[in-house]
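The chain is numbered in sequence order, starting from 1. Note that ligands are numbered from 1 as they come in the structure, with each ligand's atoms numbered from 1 the same way. Model, not experiment: these values are computed from the prediction.
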Amino acid sequence: MKKIYILVSLTLLAACSAKLIQPTQSDVDRVSPTYPGYTLADLNQGKVLFGQTCNRCHPLKNPTGHTADQWKDIVPKMIGRLKKKKGEDVISDQQQELILRYLVTMSGASKH
Ligand code: HEC
């Protein structure tokens with residue numbers, strides 16, 4: 001019986017720590033027609049902000065779990081929720097844009 005509990009806990013732990021794909025320059029190159037001037041530093045900053053912001057109410061969702069178009073709907077909705085809870089100045093428009101760009105970019109990354 002004890003073994004089963006341990007197994008279940010381990011499975012839950014593994015499921016909760018969403019492994020994020022490390023952004024690379026080729027991800028930036030893929031979206032550069034859409035986001036002129038976008039850099040790997042912007043992409044990485046978006047990743048950090050996503051990790052700090054989007055796990056406040058639920059575990060982090062995987063960027064590849066939704067399409068670019070879905071993220072464009074979801075991110076403003078979620079940020080709206082966060083602002084309602086914590087106040088308008090909890091996150092800037094620029095930070096929101098970095099999170100959106102990160103998710104849009106990495107939604108198109110190949111899974112590996
Ligand atoms: C203030 C709380 C809160 C924050 C912060 C938050 N979410 Fe959510 N999120 C929710 C709730 C509640 C749901 C489930 C209810 C729903 O989907 O309407 C949800 C559901 C989701 C879903 C599933 C919905 C779907 O349409 O499939 C995704 C994807 C998601 N959140 C992404 C994000 C991202 C990305 C961020 C960061 C920008 C974020 N969330 C931040 C509260 C939050």
> For atom 8 (Fe) of ligand 1, which protein N/O/S atoms are closer than 2.8 Å?
Replying inline: His58 NE2, Met78 SD
>> Can you name the atoms of ligand 1, numbered from 1 with element, that are less than 4.0 Å from a heavy atom of Trp71?
In response: 29 (C), 35 (C)
Listed pairs under 3.5 Å, donor-acceptor, residues 42-51 side chains, sequence neighbours left out:
residue	atom	partner	partner atom	Å
Asp42	OD2	Thr39	N	3.1
Asp42	OD2	Thr39	OG1	3.2
Asn44	OD1	Gln22	NE2	3.4
Asn44	ND2	Leu40	O	3.3
Lys47	NZ	Gln22	OE1	3.1

> Shortest non-hydrogen contact from Val75 to Gln96?
Replying inline: CG1-CG, 4.1 Å
> Are any non-hydrogen protein atoms located under 4.0 Å from atom 24 (C) of ligand 1?
Replying inline: no
> Does atom 20 (C) of ligand 1 have a protein non-hydrogen atom under 4.0 Å from it?
Replying inline: yes
>> Using every non-hydrogen atom in the two residues, find where Ala109 and Thr64 come nearest and quote the distance to one decimal.
In response: O-CG2, 3.9 Å
> For ligand 1, which atoms, with element, lie under 4.0 Å from some heavy atom of Thr53?
Replying inline: 5 (C)
>> Does the residue Leu103 have a heavy-atom contact with ligand 1, meaning some pair of atoms that are separated by less than 4.0 Å?
In response: yes
>> Holding to salt bridge (charged side-chain N to carboxylate O under 4.0 Å, His left out), I want the full list of residues that pass it with Lys86, two or more places apart in sequence or in another chain.
In response: none
> With sequence neighbours left out, what residues match Arg30 under side chain to side chain donor-acceptor pair (under 3.5 Å)?
Replying inline: Asp27
> Can you find a pair of side-chain heavy atoms, one from Cys54 and one from Lys61, that are under 4.5 Å apart?
Replying inline: no
> Judged by modelled atom types alone, do Asp69 and Thr67 share a side-chain donor-acceptor pair under 3.5 Å?
Replying inline: no
> Can you list the ligand 1 atoms lying under 4.0 Å from a non-hydrogen atom of Ile79?
Replying inline: 38 (C)
> What atoms of ligand 1 come within less than 4.0 Å of a heavy atom belonging to Leu82?
Replying inline: 1 (C), 5 (C)
>> For a quick test of reading the model, state the closest non-hydrogen atom pair linking Tyr38 to Val28 and the distance between them.
In response: O-CG1, 3.3 Å
> Should Asp93 and Glu97 be marked as a side-chain contact (heavy atoms from CB on, under 4.5 Å) after you check the CA-CA gap, both sets of side-chain angles, and the distance that decides it?
Replying inline: CA-CA 6 Å; Asp93 290 350; Glu97 182 63 23; over 6 Å; no
>> One residue to check: His66. Relative to ligand 1, which of side chain, backbone, both or neither has a non-hydrogen atom less than 4.0 Å away?
In response: side chain
> So, for Trp71 and Pro63, which heavy atoms are closest and what is the spacing to 0.1 Å?
Replying inline: NE1-O, 3.0 Å
